Structures are given as C-alpha cells and as structure tokens.
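Report on the following structure.
Numbers restart at 1 for each chain; the letters A, B, ... are given by sequence-line order, proteins then strands. From a predicted model like this one, the values you see are computed outputs, not experimental measurements.
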Number of protein chains: 2
Amino acid sequence: MSSLPLDAPMKPLDPHAIAGDSQAILEFLAEYYRDVDKYPVRAADLEPGRVRKLLPEAAPEHGEPMEHILEDVRRDILPGLTHWQSPRFFAFFPMNASSAGLAGEMLSVGLNVVPFVWAASPAAAELESVVVDWMARLFGLPRRFLFSSGGGGVLQGSTCEAVVCTLAAARDRALGRLGGHEAIARLVVYASDQTHATFQKGARLVGIPPSNFHVIRTSAASGYGLTAEAVRAAVDHDVGLGLVPLYLCATVGTTGLGAVDHVRELGEEALRHGMWMHLDAAYAGSAAICPEFQDYLDGAELADSYLKNVGADDDGAGKAPAAIDYKDWQISMTRRFRAIKLWVILRRYGAAGMRAHIRRHVAAAKWFEQRVAADERFEVVVPRRFSLVCFRLAPRSGLDDDGDDDATNHVNRDLLAAVNASGRAFMTHFVVDGKFVIRLAVGGASTELQHVMEVWDLLQGKAAEVLQHYVKPNGL
Amino acid sequence: MSSLPLDAPMKPLDPHAIAGDSQAILEFLAEYYRDVDKYPVRAADLEPGRVRKLLPEAAPEHGEPMEHILEDVRRDILPGLTHWQSPRFFAFFPMNASSAGLAGEMLSVGLNVVPFVWAASPAAAELESVVVDWMARLFGLPRRFLFSSGGGGVLQGSTCEAVVCTLAAARDRALGRLGGHEAIARLVVYASDQTHATFQKGARLVGIPPSNFHVIRTSAASGYGLTAEAVRAAVDHDVGLGLVPLYLCATVGTTGLGAVDHVRELGEEALRHGMWMHLDAAYAGSAAICPEFQDYLDGAELADSYLKNVGADDDGAGKAPAAIDYKDWQISMTRRFRAIKLWVILRRYGAAGMRAHIRRHVAAAKWFEQRVAADERFEVVVPRRFSLVCFRLAPRSGLDDDGDDDATNHVNRDLLAAVNASGRAFMTHFVVDGKFVIRLAVGGASTELQHVMEVWDLLQGKAAEVLQHYVKPNGL
C-alpha cells in the first residue's frame, strides 16, 4: 500500500482498498484494546493547544498509506485522549463500545444508505420501526407505545435532539390553542435542579424565554426526586401571574446522582395543568430491560414523549403507519442508518446477554457501595439505584471541622484529584446541597468487578494520604 | 463462532469477538460492493410494511452468531434498500462512502471517545479545530475564518443543525437589541424559492413564526439565484410593516437545480439591514476545494456563519481559543469523534486526490450536458455549474402540444418512471416554473464516465418508447 501517485484515479470503493484500509484499522484497534488498560485513563498534564501544535497547518497535497496515518494516531493523538473504553473509566457516564456495535456501525457506514424518507430506503425505515418496538417491549412499556398498537418511536441521535423535537411540538400545540405567536413569551417549562443541562439548552433553542425556564428544588428527603407537590406549587404560582405551564421534564436516573422522579405522580400533575410531560431516561432507561428496574417506569403512559415522538402519524386504526418518513420525526433532514447498528447489537447479544451485562455492573456498584458504607471514613451521599455510586469522605473522618462542608469539600476535591492524577482511574464529581460528591459510574464495556475492587483499594490509599495531610496541621 | 450460551458473560471488547465480528462484516461488504451494480438501484415494487412483516416482533432472548445476522441482512434487508452506493445512483445528491471513510469511522467508533468538552478528550477537540482549518484553507476562505487567525469552526452533523444553531444565535442577538421576548413575533427570515426545506424547518424549530418565513421568488433570468434587488424589495416592504429583518440564507449550489446565489451582493444587502447572512454550501461547498470553483464563494467574509459558528470564543488576541468545549457549538451535548474520520480521509486521499475525484464527476456531468444539448428531443433547463444536470424532454420533441407544460410534464414524468423502473439508474426530479425537470446528480463514489454514458443510452431508449406512446394518439 504505497502513496497514491498524483494521477492515479481515486477508487474509494475498490475492494482491495477497503480490505487494506480496514485491516490496518482492525490491527490498530486490537493493539489499542490490548494496551488501553496501561494508559493513564484521563489525558493528564496536557496544556491546551499542544496537540494542535503537533499537526501540520494544511491538509497534505498527496495521499498517504493508512499505516503512516496510524503511526501519527499512535504518536500524536493517543497520548492526548481520555480513554473512554478503559475498564477504569468511571467518569460522567461510560459510553460503551462493543464488537457488535463496531460491526453494526461498519454495516451502517458500508451500506451508507440515507433513510430520510421511506422511499429512499424502505427496509431501513421499517427496520427502525421494528427495533424501536423491540426496545419498547424490552422496557415493558405499555402497548400504546408500540408501532403495532398505533404508537411508535424514532432513534434520536442524542437526548438534546429528543428534547428539542418534543419541546417544539408542545410549543406549537400550545400556541395554536392560545392563538398568536406573542404567547410564546408566557410559556413556562419546568425542570428540577437535578435535570440535565441539555433540557435548558433545548428550551432556549426553541425560543422559550430564559426567564421562563423554571427550576424546582429537590432535597435529600425525596432522594433528590422531583415531587408533585413542588410542581403544583410552582405551577399555581406561575398561573397566578398569567403564565402558561407548557412542559415538564421528568427524569429516571439523573446525571449527577442517579435520582428518580416519580413518573406517575408527575404525569398526573402535568395532566392536571394541561402540560406536556417528557420522560428523560437517557442514562437509566437501558436498565429497564431488566424487570427489576421496570417499576421506575410506572406511569410512563402519562408521558407525551418517551419513545413516541413528534410527527407520529397514527392512522387511527391502531396499526402502524405504513411508510414512515423519519425526517419528520427529528431535527435534521438527513440521517444515518442507525437502526441496523441497534439491530445487530440486540441480535448478537440477545436480551439475556444485555440484561446480564447490566446486572454485572449493578452488582459491582453494589459491592462498592457496601464497602463505602462499611468504612467509617466515607459516606454514601445518596442511596444507589443503578450502577452509579455517589460518595465522599465524611465530615467525621478525623477532621477537626466536623460538619463544615467547606473543609470536607476541600479534602474530597483533593482525594478526587489524587485518584485521577494517578492515571489508574477516572471519576468526576457533582455538587449537591453544597456538598462535593464523588461519582463512581460503573458501566464501561470491559469494566469487571476486579476493576471496581482495584479502584476501592486506590481510593483507600489516596484517602489515607490526603487525610494525613489535612489532619496534621489541626492536630499540631 | 457459535451462539453465546445463556450464562457466558458478554465480553464486548474481547479481541477475538472484535476480530470475528468485524471480519464477517468486511466479507459481507466486499461481496456487497462486488454485487451492488447488479441490484435494482431503487428498491422497487415494495409495498409499505413488507420488510416489517418479515422480522420478528420481539428481540431474541439469546445471542446469535454474526453469520446468522448477515444471512438475514442478505435475505430480508438488502432487497428493500435503495442502493446509495450503486455507481448508477444519480438521485437526490449522492452520499459517498469510501474505504478511507469506513476506516475513519471504524477508528472513531473503536476509540469511542466523547469530546463534548475539551477535557473529555483534548486531542479529539484539537484535531477538530485542525481539520476545520484544513478545510477553510482548501476552500480558499479568507484568513479570518481560520482558528489560527481568531476565527474557527465546528463539524456539524447536518445542515439543519448548522441552521438551527445560527438562527438561534441571530435570534438571541436581535432579541437582546430589541429588548423583550415578545419581539420574536416580529422577526423575519428570508429564503429564496430554491432554498432547501431544511431552512424552513430550522426557522420553525427556533420559534420564528411560520408567517414570518418569507420566500423570495427567483427566475430563469438570474439562473434561479437570489438577487439583492429582490431581497431589498422584500425587506423594505416588511420594515414598512414594522417587522424586523433577522436572517438571510444564501445558497451556493441549491438542491433542486444547483443554482448559485451571488454571495457578495447578498452579503452587502444583509449588512445594510443589520441581518445575519448564513451561507449554505452543503452540496457545492466541497467543489470549492478546486480553485476553479472558488469564485462562487467570493464575499464569504460577509457571512455571519459559514464555517464559523455560534459560541466561537475569540480571545481577542487573534489566536485560537486554547481549549474548546465543542458542546457549546452545536445542538447536542454529546458528540462523536467526527474529526478523525475527516482527518483520515484528507490524509489518505490528499487534496490532489479529492480535487481529481470532484473534477472527474464534473467532467462526466459536462459530457452528459453536451449530449443532452445536442439532442433536439431534449433540453437543458438550467445551465450546469457543478456535477448536477437538470434537463427534460423538450416541448418541441415531436409532441403536438408544443409549449404546453402539462403535456410536457406528463411525458417527462413517464420517462423518469420508465428509467427508474428499469433498475439500471435512479434519478429524481424537481419542479421549477411549473416544469417537471429530471435531475442527473453525478457524484457517487464509484460512478465513472462509463456509467453516465450508459444512463444516456438508457434515457435515449426510454425516451423513444415514451414519445412513441404519446405521439401516436395525436398522430392518428
């Protein structure tokens, strides 16, 4: 595979080129996954702009062999990456890769059809409606969500896209009722203080006045779940001011703490005020393929948007619309053949395989939570529900300043920094009620109990170091 | 590779699983590309719902080998696809796959990092700013668009996402100036009757009243390009009514006809009214890597958004912002590692290879345009600028009803239907000034001059058949 001479025509789909280029990548990835555990999880000590400086200012004039490109990936790119596929990645929420996911994506990109309207690739559009129904069944959702029962859904590219589509639908429904576009200035949307920031971004994008984005406080008493009482108080107050309640975002598994809003209670409250209820289960929704987590979705039939989305064209006969133009169910006109990736994953692993995978991570998180709870230096800040553990060094842990959150926050911040700087784990934090909380988000594709055990050892060692440092000055 | 037993733990990143699953896909794709020319380009004679009926109603309980899954793809999915990678695909605009694109995507999905903020994968964020600068240089854009000169850009997932982001930015800038969210009802956006429908969708999404989406007519006299005079007349009229001009969308290479708006003229007009000008070059922009097409971008520095986008955080010192959080430059919070795909493509083929590829398609379109012009039965409806040819059977072509567009439209509709039904080519149509126009969009990754020659033969044969059918009754 030598550099293409200037005058050689580019043959982008030449079988030899495909075989050669792909093989080079597969070898690279095999090496990467073999070594990923050895890299510092988080790209550390990297001053901004360093990678940029390593790379040329302009594209090359002539083509290069894939091997040259991959040498540069090894030398210039890999050291600057945070390794999301490391088994020691416990930050944000892990984003799973898998052999079936890679295969599905290769199939999607290899076929490279664009099912923006049904006619542009009928099988792609229909496969999407099939896998969306498969997911609804796996989640145990009410039948009305199924295409085969007059419901339906779409695979969005991200949570924010789903929020933007549904907010716009709710907004236009309300404006139609209120008569006159000026009424947009009176529409109010409601979130809890635990709702993901993507909702605020989406509300601003669709033209809801930023001052009409109302955040309702949660507290430890409800496990940081939004309560119907709090929603009612906020809505009643706003209605008294002449505002119009538009949209309530309920969350099953919040990003910061994994908190769960009471879906049925909130759905009934939303109904009372004529509000759209959206159910965001971007994190914890997938856990609901396990029956033991499906209670969290109780009341989902009260949601205006879960899987079901704008543009759903129910033909009224309780059957699936025959030919769906998915471009009308999303922001963009164009779209990838996403359905085949999900289909390959579900076929390759099966429902039982997926459930076992999720349960393995939940069990590992449970193990970790128990260790934290049993160690008097630490405390579990919020009871774990899925595979996210929120904990910290407790105020009582040898510090003289028992109960002072500032000092406790300092020591926890130092602990997290020490763990992340070690390169042997990467975790992120969240602040709730003024408390700096460390998040251990278990869920990496290759994360095993062993890695969680190792991170617990690491934390104990670093905690001892950090506490020693803090206790000494006060102890003198 | 046998079915996973129920109790075998899923090892999603196991090297053997990756090698096995990927290899199966590569063999499938090699076979697919070998055979793609034999399939009917467009999935024909497919009643809606047929593919859906072939597939089970629920996900399988247990995992299956990749070979089983691919057998189902061959049997159930392939016959229902429209083959966008067929060399005989001339519909919409072709969507290129390539060996380097597949490799880049595999690398992106294999590493599976999520560069939503700089710190979440610094090298990924910085690689994006590098390749965006590479593209700006290839397009010959003014230096102010480069990160290295205080500009900057982002790889959006689609045109609509770019439109939504820039519309929201323009809207909020205007509302800030006008003081009061109610003013949103007075904001007007302008498009030509050739602007892509995605703009109308975007404007509606961000809350511009549908009645304030003003479409300005174009005509054959300007090659269906929008003129500054027409914009001025529309804006003056609206300002007289108390409306506020917000945003003008100029297009280089419209979807229907490949028309080009005069960017400099429109930019100066927009400036005069304090409007945001957006430049949509989703189709023809890539041709501007060839210097002979760069004149079409003259005046691009007057655009508020081209590569540059919302959130650009110029530090005022004429240097690139050090650490970019790309989540603030797009709709979604999350994002794929898109930059590495584009980087692999640019490295693998080089600028010279990409230019040659584009010129080969433009030359083939030119060849076709000349044949059409030389055949008295046909006419070129709009002069070709890039690789899209818009033509039809001319009114004079043996029909008694010379000049009657309805009859001419009928015969052209029949011609297109006959060509597409043959399975040997797929083209789409557009209607302009009441004329049904056939579009030959050359640009498929493996489309060669030979395929364009064959489609010309096919068209001539079908035209003879169709004309015979139409002429006969009148000739009796």
Going by heavy atoms in the side chains, are Leu102(A) and Leu29(A) under 4.5 Å from each other?
yes
Can you tell which part of Leu146(A) gets under 4.5 Å to a heavy atom of chain B, answering side chain, backbone, both or neither?
neither
Closest-packed option against chain A by number of heavy-atom pairs under 4.5 Å, given Ser129(B), Pro15(B), Ala19(B):
Ser129(B)
Interface moiety of Asn96(A) toward chain B, non-hydrogen atoms closer than 4.5 Å
backbone
Please confirm whether the backbone N or O of Leu81(B) pairs with a side-chain atom of Ser121(A), one donor and one acceptor, at under 3.5 Å?
no
Pairwise side-chain contact, Phe337(A) with Leu107(A), heavy-atom cut-off 4.5 Å (strictly under):
no
Taken to the nearest 0.5 Å, the spacing of Leu78(B) CG from Phe28(B) CZ works out to 4.5 Å
For Leu55(A), is it the side chain, the backbone, both or neither that has a heavy atom under 4.5 Å from a heavy atom of chain B?
side chain
Side chain, backbone, both or neither: which part of Ala119(A) has a heavy atom under 4.5 Å from chain B?
backbone
Given a strict heavy-atom distance threshold of 4.5 Å, which part of Ser332(A) is in contact with chain B: side chain, backbone, both, or neither?
both
Who wins among Ile18(B), Ile331(B), Ile345(B) for the most heavy-atom pairs under 4.5 Å with chain A?
Ile331(B)
Any chance CD of Glu57(B) has more than 12 other-residue heavy atoms, nucleotides or ligands included, within less than 6.0 Å?
no
Return the option, out of Glu27(B), Gln23(B), Arg347(B), Arg204(B), with the maximum number of heavy-atom pairs under 4.5 Å with chain A.
Arg347(B)
Contact class of Ile77(A) relative to chain B, heavy atoms under 4.5 angstrom:
both
Is a salt bridge present between Lys53(A) and Glu126(B), judged by a nitrogen-to-oxygen distance below 4.0 Å?
no
If you define the side chain from C-beta out and look only at heavy atoms, does anything of Ser446(A) sit under 4.5 Å from Asp14(B)?
no
Assign the ring pair Phe116(A) / Trp84(B) to parallel, tilted or perpendicular, where the plane angle (0 to 90°) is split at 30° and 60°.
perpendicular
Any donor and acceptor pair, going by atom type alone, linking the side chain of Trp134(B) with main-chain N or O of Pro56(A) inside 3.5 Å?
yes
Pick whichever of Gly202(B), Pro79(B), Ala43(B), Ala120(B) has the most heavy-atom pairs under 4.5 Å with chain A.
Ala120(B)
For Arg335(B), is it the side chain, the backbone, both, or neither that has a heavy atom closer than 4.5 Å to a heavy atom of chain A?
neither
Please classify the contact between Glu182(A) and chain B as side chain, backbone, both or neither, with a heavy-atom cut-off of under 4.5 Å.
both
Any side-chain heavy atom of Arg52(A) sitting closer than 4.5 Å to one from Phe147(B)?
yes
Toward chain B, the part of Ala30(A) with a non-hydrogen atom under 4.5 Å:
neither
Identify which of Thr428(A), Asn212(A), Thr198(A), Ile208(A) forms the greatest number of heavy-atom pairs closer than 4.5 Å to chain B.
Thr198(A)
If you count heavy-atom pairs within less than 4.5 Å of chain A, which of Leu138(B), Val113(B), Thr334(B) leads?
Val113(B)
Just so I understand: if I count every heavy-atom pair under 4.5 Å between each of Arg355(B), Met106(B), His357(B) and chain A, which residue has the most?
Met106(B)
